[in-house]
Protein chains: 2
Amino acid sequence: MTKSNDAMGYRYIKQTVLDRIQSGEWQPDTLLPSEQDLALEFSCTRTTVNRAMRELAEEGYLQRRRKAGTRVLSAPQRKANFTIPMVRDEVEASGGAYRYALVSAQTVPSPDWLVARLALRPGQAATHVRCMHYSTNTPYQYEDRWIIVESVPEVEQADFKSIGPNEWLVQTVPFTNVELTFMASRADETVAGFLDLPKDEPVFTAERITWLQGQPVTFAKMYFAAGYRMTTQF
Amino acid sequence: MTKSNDAMGYRYIKQTVLDRIQSGEWQPDTLLPSEQDLALEFSCTRTTVNRAMRELAEEGYLQRRRKAGTRVLSAPQRKANFTIPMVRDEVEASGGAYRYALVSAQTVPSPDWLVARLALRPGQAATHVRCMHYSTNTPYQYEDRWIIVESVPEVEQADFKSIGPNEWLVQTVPFTNVELTFMASRADETVAGFLDLPKDEPVFTAERITWLQGQPVTFAKMYFAAGYRMTTQF
DNA sequence: AACGTGTTCATGTCTACACAAATTGGAAAC
DNA sequence: GTTTCCAATTTGTGTAGACATGAACACGTT
């Protein structure tokens, strides 16, 4: 029962509280002691307790309301915090040698489905880039991307022979809003060819739409090689 | 040039800094002013600036290092903060009426692949639950789950006729570590039957492994109906 | 030129205190 | 009994100041 030298810090408090939740000492819906009381128990200031509890709440463990106090969430909507990987990093992390190859790149009027999807003006110019990503010369991902010229005029000067459109965009356009969708689709002739699959094979597919301050920037469809698994821990 | 009444708060500082990044005023890799300087500019204490900048760093906009200072991340590894939805919520959010149906539930010795996957002891008992989730009587998800009895002894008393194993677990077991994997697989006879699909159809599939303080709790494989899209924004 | 070594500076965290904001719960008024 | 309103409580956020930590940089030695 030491009173002040418990190897403190808000991290210690966080961990201790988490342990009490996970051990069942503090069941779901339990009303926890107030910050004041915890500050006493941990012999620190309320500020420190506040930081610990605030972060636990942000991470989805606790629910806090003024005057009502803090309670353990019963049906925790845990937030998976999965980082969107860049293909190059993903490949290299898995021990492969990354290789990029441009298939085609041309600026054309947006097709109707893209106009509808991104709420463009009819005929607005878009650069259509198709390319492949390899891991040690095995197909890894086939990418089919449209970049809206008006939102990113620099795209007309970009040379996608040497750099992938995603890496180029990330370097060129500042932070954006993203909508990411995953699905299972069926390999058509083209995709099957590039990924070296039988036609009609299931393909893990991701769609990515990016905006910059309300302006549509790019639409990308990415087809992953057979057996691809996207994993996240939390 | 007011000096103190700028509608302050760490939120205001966060937004202002974000605006400067997104407007291009502070380009990627730019070294930002120190907390001291920003505190002067916003006429507040360093503590307040610190909170704003710390949160922006947590959100993936900035990179901070002692002595080296704070800079704008060039290749932002944005973190998708997607909440794992419970099937019921997902269905109801989409306007459907949720219905659950148990297919089978029995406690048996763990099959070898599960022993290997979760590092169990050979023959450790597991409850195998198979069930369906419907949205207004349309198949939505087929779930095939194993629950390790030793880690969750209460499972022997659970009645999965009325409550789904996921909802039951969330109510019963406190917070856990989760590994979630998404993939595209091919519908076998069983899955195709339950989801009312042609055999060999691509199926969006999720695997979920859950641990409680190092102990394996459950392994679940979830097969989604045709056309399922998992979307997240950030 | 290469290698430690120590200074310096930006961020990380804490104390101690204060007031604001939200909301509960009960007292007072009807 | 019902409604209204006030006071108490709890979290949210701020100020002011301090020391800790880690990394960059300059300096001096080899």
Side-chain angles (χ1 to χ4, degrees), chain A residues 2-18 20-21 26-74 76, chain B residues 2-18 20-21 26-74 76-77 79:
Chain A
T2 59
K3 69 162 181 301
S4 63
N5 50 359
D6 283 335
M8 290 312 219
Y10 78 97
R11 293 161 178 282
Y12 173 82
I13 299 179
K14 260 180 87 168
Q15 191 53 57
T16 305
V17 171
L18 234 182
R20 288 185 191 167
I21 294 172
W26 283 343
Q27 297 275 331
D29 264 343
T30 309
L31 182 64
L32 303 195
S34 75
E35 293 185 349
Q36 276 300 350
D37 296 344
L38 288 172
L40 268 182
E41 178 191 338
F42 291 104
S43 53
C44 64
T45 55
R46 191 170 74 85
T47 312
T48 303
V49 173
N50 179 271
R51 174 152 183 198
M53 302 298 269
R54 174 162 39 85
E55 291 194 358
L56 284 172
E58 274 162 13
E59 288 162 28
Y61 293 100
L62 304 176
Q63 194 230 5
R64 323 192 71 201
R65 263 163 53 229
R66 282 161 165 153
K67 166 72 183 180
T70 300
R71 42 190 76 231
V72 179
L73 272 182
S74 54
Chain B
T2 60
K3 68 163 184 298
S4 64
N5 50 359
D6 284 334
M8 291 312 221
Y10 77 97
R11 292 162 180 283
Y12 174 81
I13 299 180
K14 262 180 85 168
Q15 191 54 57
T16 305
V17 171
L18 233 183
R20 288 185 191 168
I21 294 173
W26 283 343
Q27 297 274 332
D29 264 343
T30 308
L31 182 65
L32 303 195
S34 74
E35 293 186 349
Q36 275 300 349
D37 296 344
L38 288 172
L40 268 183
E41 178 191 339
F42 291 103
S43 55
C44 64
T45 55
R46 192 171 75 84
T47 312
T48 304
V49 173
N50 180 271
R51 175 151 183 201
M53 303 299 269
R54 174 163 38 86
E55 291 194 358
L56 284 172
E58 275 162 12
E59 288 162 27
Y61 293 98
L62 303 176
Q63 194 229 6
R64 321 192 74 201
R65 263 161 52 227
R66 282 161 166 152
K67 168 72 183 176
T70 300
R71 40 189 78 233
V72 179
L73 272 181
S74 55
Q77 354 186 358
K79 302 179 193 168

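Naming: A, B, ... by sequence-line order, numbering from 1 per chain. Hydrogens, waters and symmetry mates play no part in the numbers below; they use all other heavy atoms, side chains included.
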Would you say that [X] contacts [Y] through its side chain, given a criterion of any heavy-atom pair below 4.5 Å between the two side chains?
X: B:I13; Y: B:C44; value: yes
X: B:E41; Y: B:D37; value: no
X: B:L40; Y: B:Q36; value: no
X: A:L32; Y: A:R64; value: no

Give me, pair by pair, the N or O atoms of the protein and of nucleotides 24-27 of chain D that are less than 3.5 Å apart, along with how far apart they are.
unit_1, atom_1, unit_2, atom_2, d
D:dA24, OP1, B:R65, NH2, 2.0

Listed pairs, N/O of protein and of nucleotides 17-19 of chain D, under 3.5 Å:
unit_1, atom_1, unit_2, atom_2, d
D:dA18, N6, B:R46, NH2, 3.3

Can you measure [X] atom [atom1] to [N] atom [atom2] for me and round it to whole angstrom units?
X: B:R51; N: D:dG14; atom1: CZ; atom2: P; value: 7 Å
X: A:Q36; N: C:dC17; atom1: CD; atom2: P; value: 11 Å
X: A:R54; N: D:dT11; atom1: CZ; atom2: C1'; value: 11 Å
X: B:L62; N: C:dG12; atom1: CG; atom2: C1'; value: 16 Å
X: A:L40; N: C:dA16; atom1: CG; atom2: C1'; value: 14 Å
X: B:E55; N: D:dT13; atom1: CD; atom2: P; value: 8 Å
X: A:L31; N: D:dT9; atom1: CG; atom2: P; value: 14 Å
X: B:K14; N: D:dG14; atom1: NZ; atom2: P; value: 12 Å

**Q.** A:T70 and its side chain to side chain contact (heavy atoms under 4.5 Å, CB included) partner, picked from A:R65, A:Q63, A:M53
**A.** A:M53
**Q.** Name of the residue among B:Y61, B:Y12, B:W26 meeting side chain to side chain contact (heavy atoms under 4.5 Å, CB included) with B:V17
**A.** B:W26
Looking at [X], I'd like to know whether one of its side-chain N or O atoms comes within less than 4.0 Å of OP1 or OP2 on [N].
X: A:Y10; N: C:dT13; result: yes
X: B:R11; N: D:dT13; result: yes
X: A:N50; N: D:dG12; result: yes
X: A:T45; N: C:dC17; result: no
X: B:R64; N: C:dA10; result: no
X: B:T48; N: D:dT13; result: no

Q: Decide side-chain contact (heavy atoms from CB on, under 4.5 Å) for A:D29 and A:V72; before the verdict, give the C-alpha distance in whole Å, the side-chain angles of both, and the deciding distance to 0.1 Å.
A: CA-CA 5 Å; A:D29 264 343; A:V72 179; over 6 Å; no
Q: With rounding to the nearest 0.5 Å, note down the distance linking CD in B:E35 to OG1 in B:T48.
A: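 Here the interatomic distance stands at 10.5 Å.
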Q: Identify the two heavy atoms, one from A:R54 and one from B:R51, that lie closest to each other, and give their separation to 0.1 Å.
A: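 Closest heavy-atom pair between A:R54 and B:R51: CD-NH2, 3.3 Å.
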